[in-house]
Amino acid sequence: MNLEELNEVQREAVTHIDGPQLVIAGAGSGKTRVLTYKIAYLLEQGVEPNRILALTFTNKAAREMKERIARLVNADKTRYLWMGTFHSICARILRQEAQSLGLTRDFSIYDTADSKSLLHRIVKDKGLDEKIYKPGLVLNKISMAKNRLCGPENYGLIKAYGDQDKYDRTYEMPAVYQSYQRQLREANAVDFDDLLMLMCQLLQNNAAARLYYQSVFQYILVDEYQDTNYAQYLIVKLLAEPENNVTVVGDDAQSIYSFRGADITNILSFQQTYPHARVDKLEQNYRSTQNIVNLANSLIEHNKHQLRKSVFSNNDRGDKVSLLPYPSDREEAQEVINLITREHAMNGTGYNEVAVLYRTNAQSRAFEGELRKMGIPYRIYGGMSFYQRKEIKDAICYFRLAANPRDNEALLRIINFPTRHIGDTTLRKLSEAAQAHNTTMLEVASNPKGYDLSVTSGTQQSLTEFASMMMDLSEMMDTTDAYTFAQHAIQRSGILREAKADLTPEGQDRAENLEELLTAIHEFVDQRTQMGIDFTPMHDFLGEVALLTDQDEHTDDPTQRVTLMTVHAAKGLEFKVVFIVGLEEDLFPSQYCVRAEDIEEERRLLYVAITRAMNRCYLSFARQRFRNGTFNFTNPSRFLRELDRECLRQGERPLPTSPQRGGVPTYPASPEYPTRPRVLRPVQSAGSTMHNAQVTSTWTPGDRVFHKVFGAGEVLQTYNENEVDKIDIQFDKVGKKTLMLTYAKLERL
DNA sequence: TATCCGGGGTTTTTT
DNA sequence: ACCCCGGATA
């Protein structure tokens with residue numbers, strides 16, 4: 001490796017070896033480069049590869065980093081590096097230590113869908129209101145608690161959780177959490193967050209294990225440190241002791257995962273955690289033009305909560321960033337696709353160098369439609385990933401249940417698919433019997449008579465047949481390789497037959513997907529063979545598959561396709577040309593932002609989006625957007641007025657003029673431009689709620705403001721400005737429903 | 001037990 | 001516009 005390829009700051013960061021180190025790496029400043037060079041440098045200095053632990057955010061990042069290191073040093077060494085996501089590294093260690101944690105090494109990892117389904121059952125069993133205890137909400141609460149290392153036994157003691165539960169009316173959360181955790185363990189399963197929490201518990205409670213792993217990992221490096229949560233922080237801290245040879249790399253300005261428990265204070269207070277930490281700041285951006293970097297800087301300046309740094313670019317000044325308003329989301333999509341065509345035709349920009357970035361996955365539809373119409377190749381990231389598809393998940397659940405007979409979630413999913421005439425009633429009895437006899441549902445199914453199950457003889461037969469099939473698969477699993485096993489399992493189970501029998505296009509897709517799964521498993525086995533592992537059982541595949549995400553699926557594909565993805569998914573990537581669309585209030589920033597910190601996170605999110613662009617960046621918004629089945633008027637994102645106008649070029653359409661007295665952008669007087677829609681909140685409703693009532697104020701050339709109340713697609717009432725200071729509006733009949741709405745004063749623009 | 005129909009609720013981002 | 005659920009029906 002050649003250290004001359006680094007700039008001075010980078011080189012110093014790379015060659016600093018011992019002791020804690022914080023590398024603050026601005027967008028596009030060569031963060032990954034520093035990390036890879038540092039690992040390569042450590043290897044060159046004679047550090048054993050298996051003494052280095054490198055934690056990344058995605059599997060893909062880990063893989064790419066490995067490849068890059070392999071190009072710098074002897075490729076053989078990189079194989080033995082401990083490199084992966086927090087979750088996968090923890091899973092690996094936990095399998096090793098499973099016994100001491102009350103698990104077997106074949107424990108299942110429940111994905112979000114499994115967890116939600118388990119929670120749903122718990123809520124039902126406890127007779128709680130399913131409207132209040134929504135699985136997503138409940139899982140989120142549990143996840144947040146686990147990220148802070150709060151187990152079910154402590155949950156009820158924490159006031160903050162209690163308060164939140166009071167607010168959400170989820171008073172029974174402690175019991176739900178307890179039951180959830182108990183059933184996870186009974187199923188010999190862990191969820192995502194358990195991987196981190198159990199790892200912490202292992203290190204805290206088991207001195208021998210702690211000392212062992214502390215001595216194994218001589219050097220620890222963490223990528224994207226700004227997105228770590230408390231559990232991850234603690235894992236790093238405990239593993240690094242007592243030498244504290246820990247290097248963390250990150251950018252507080254790109255912290256965008258707080259909804260997942262990420263805690264930006266981890267990076268902000270690194271120096272308090274490690275008082276003698278060395279700090280390096282990488283501030284030169286090599287990726288983007290000056291205009292893009294300056295624009296991004298002007299935005300992020302508005303955040304209060306950040307580490308000081310000044311990112312700059314010595315690249316060309318470049319084109320100004322375009323700000324494009326469109327009348328509706330539809331036109332936005334059409335015009336953006338037009339611009340892409342133009343980029344392609346006039347600048348020769350390859351389709352794969354263009355990305356359309358949006359805040360929510362739902363926005364992809366409009367662009368997808370237009371791209372298809374224009375015959376432009378594209379690829380949408382996100383949405384339903386391969387491993388979440390029904391048929392794939394079904395197949396994997398067969399594997400999972402064969403590996404871990406206690407995995408009830410897998411059993412419930414597949415016991416009646418393909419249909420075996422085993423319905424809800426039978427399953428309830430099965431579950432009760434299993435609880436009563438303290439055994440697994442599969443065991444009861446294998447011997448319904450023995451457990452006095454009151455089911456018909458036909459059902460009995462179905463159960464025993466299913467159970468004996470699963471036992472056969474279980475046996476086969478240890479002796480055959482993953483590919484052979486999978487092939488056999490999807491045939492024996494009947495899911496392949498089921499898919500093939502379905503002659504609809506969807507059915508054919510499913511059959512193809514199953515074939516694709518087999519191919520993936522085959523590749524997995526091949527890879528392992530190349531690594532010198534001559535036998536790869538299904539267990540090994542299962543261990544990895546649970547932690548795969550759609551980010552990891554398709555590596556670089558050679559075809560030239562436009563990329564469509566959420567801003568979150570775009571983190572760490574770069575494109576020559578970037579379109580950031582839907583820059584509207586309540587969308588970007590999201591409508592769910594309430595606190596000032598939430599807005600700061602959204603601002604960082606936009607910062608991330610802008611800094612993905614190398615050469616050109618386009619920002620767009622629509623004045624009307626079709627959402628949740630209705631057309632809504634929108635307002636331009638507040639972020640737009642925070643941008644340095646020096647870096648902006650006005651679009652062809654009338655643009656907001658510069659802000660007056662710190663207000664929002666104003667618009668040309670004609671025609672009518674609606675502003676500031678407010679969705680009315682029902683305070684009391686007889687019957688059910690109505691979602692599509694809204695208020696808009698209308699700004700007309702005469703400079704008078706009218707407020708219109710829309711409901712069920714029509715204007716219900718119009719008020720002039722003086723009338724709307726805190727009034728209650730009552731509608732007796734809107735459609736078939738009666739409801740009462742309260743409406744707070746509108747801010748005058 | 002499976003399937004069809006209608007109504008109600010729903011929407012952020014994801015390792 | 002879509003998905004999910006519950007209830008009714010085959």
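Labels below follow one simple rule: chain letters A, B, ... track the order of the sequence lines, proteins then strands, and each chain is numbered from 1.
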Peer 1: Specify the residue among S590(A) and H87(A) whose closest nucleotide of DNA chain B lies further upstream toward the 5′ end.
Peer 2: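 The residue mapped nearer the 5' terminus is S590(A).
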
Peer 1: What distance separates S637(A) OG from I580(A) CD1, expressed to the nearest 0.5 Å?
Peer 2: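 It comes to 11.0 Å.
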
Peer 1: With a 4.0 Å cut-off on heavy atoms, is F86(A) in touch with a base, just the backbone sugar-phosphate, or nothing at all?
Peer 2: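 If one applies the 4.0 Å heavy-atom cut-off, F86(A) turns out to touch nothing in the nucleic acid.
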
Peer 1: Could you check which of dG6(C), dT14(B), dT12(B) has an atom nearest any side-chain atom of K124(A)?
Peer 2: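 Between dG6(C), dT14(B), dT12(B), the one nearest the side chain of K124(A) would be dG6(C).
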
Peer 1: Check ring-ring contact (aromatic ring centres under 6.0 Å, His included) between H87(A) and all other residues, then give those that pass, not counting sequence neighbours.
Peer 2: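 H87(A) satisfies ring-ring contact (aromatic ring centres under 6.0 Å, His included) with F192(A) once adjacent residues are dropped.
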
Peer 1: Is any side-chain nitrogen or oxygen of T566(A) closer than 4.0 Å to OP1 or OP2 of dT14(B)?
Peer 2: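 Yes, because at least one side-chain N or O of T566(A) sits under 4.0 Å from OP1 or OP2 of dT14(B).
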
Peer 1: Does K571(A) put a side-chain nitrogen or oxygen below 4.0 Å from OP1 or OP2 of dT13(B)?
Peer 2: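 Indeed not, no polar side-chain atom of K571(A) lies that close.
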
Peer 1: Classify T426(A) by what it touches in the nucleic acid, base, sugar-phosphate, or nothing, heavy-atom distance under 4.0 Å.
Peer 2: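 T426(A): backbone/sugar contact only, no base atoms under 4.0 Å.
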
Peer 1: Where the side chain of E602(A) is defined as all heavy atoms beyond and including C-beta, which of dT12(B), dT1(B), dT14(B) is the nearest nucleotide?
Peer 2: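 Side chain of E602(A) sits closest to dT12(B).
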
Peer 1: Measure the distance from OH on Y230(A) to C1' on dT15(B) and round it to the nearest whole Å.
Peer 2: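 One finds 20 Å between C1' of dT15(B) and OH of Y230(A), rounded.
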
Peer 1: Does the aromatic ring of F259(A) sit over the six-membered base ring of dT12(B), closer than 5.5 Å centre to centre and tilted less than 30°?
Peer 2: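 Taking the rule of under 5.5 Å and under 30°, the ring of F259(A) does not stack on dT12(B).
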
Peer 1: In whole angstroms, how far is the C1' atom of dC5(C) from the OH atom of Y133(A)?
Peer 2: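 The distance from OH of Y133(A) to C1' of dC5(C) comes to 21 Å, rounded to the nearest Å.
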
Peer 1: Heavy atoms from C-beta onward define the side chain here; which of dT12(B), dT14(B), dT15(B) lies closest to that of F192(A)?
Peer 2: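 Within the option list, the nearest is dT15(B).
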
Peer 1: Return the value, rounded to whole Å, for the distance between atom CG of L137(A) and atom C1' of dT10(B).
Peer 2: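 Distance, rounded to whole Å: 14 Å.
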
Peer 1: Does dT15(B) have OP1 or OP2 under 4.0 Å away from a side-chain N or O of N229(A)?
Peer 2: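 No.
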
Peer 1: Does atom CD of Q461(A) have more than 12 heavy-atom neighbours, drawn from other residues, nucleotides or ligands, at distances under 6.0 Å?
Peer 2: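 Count not over threshold, so no.
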
Peer 1: Measure centre to centre between the rings of F259(A) and H568(A), then say whether the value is under 6.0 Å.
Peer 2: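 Ring centroids of F259(A) and H568(A) are less than 6.0 Å from each other.
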
Peer 1: Could you work out the separation of dC5(C) and dT12(B) based on their C1' atoms and round it to a whole Å?
Peer 2: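 dC5(C) and dT12(B) have their C1' atoms separated by 24 Å.
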
Peer 1: Is the centre of the F621(A) ring less than 6.0 Å from the centre of the F588(A) ring?
Peer 2: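 Ring centroids of F621(A) and F588(A) are no less than 6.0 Å from each other.
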
Peer 1: Check whether the ring centres of Y230(A) and Y233(A) lie less than 6.0 Å apart, and answer yes or no.
Peer 2: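 For Y230(A) and Y233(A), the ring centres are under 6.0 Å apart.
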
Peer 1: For I89(A) and dT15(B), what is the distance between atoms CD1 and C1' respectively, to the nearest whole Å?
Peer 2: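 Between C1' of dT15(B) and CD1 of I89(A): 14 Å.
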
Peer 1: How would you label the contact of N416(A) with the nucleic acid (heavy atoms, under 4.0 Å): base, sugar-phosphate, or nothing?
Peer 2: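 The answer is sugar-phosphate, as N416(A) gets under 4.0 Å only of primed atoms, P, OP1 or OP2.
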
Peer 1: Closer than 4.0 Å, any side-chain N/O of R365(A) to the OP1 or OP2 of dC2(C)?
Peer 2: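 Yes, within the criterion.
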
Peer 1: Round to a whole Å and report the spacing from CD of Q226(A) to P of dT15(B).
Peer 2: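 For the pair Q226(A) CD and dT15(B) P, the rounded distance is 15 Å.
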
Peer 1: If only side-chain N and O atoms of N361(A) are considered, is one of them under 4.0 Å from the OP1 or OP2 phosphate oxygen of dT14(B)?
Peer 2: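 Affirmative; the distance criterion is met.
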
Peer 1: Rounded off to whole Å, could you give me the CD-to-C1' distance for the Q232(A) and dT14(B) pair?
Peer 2: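 Computing the Q232(A):CD to dT14(B):C1' distance gives 12 Å.
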
Peer 1: Please state how far atom CZ in R625(A) lies from atom C1' in dT11(B), giving the value in whole angstrom units.
Peer 2: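 Atom CZ in R625(A) sits about 14 Å away from atom C1' in dT11(B).
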
Peer 1: Take atom CD of Q591(A) and atom C1' of dT11(B), then tell me their distance rounded to the nearest Å.
Peer 2: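 So the CD-C1' distance, Q591(A) to dT11(B), works out to 7 Å.
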
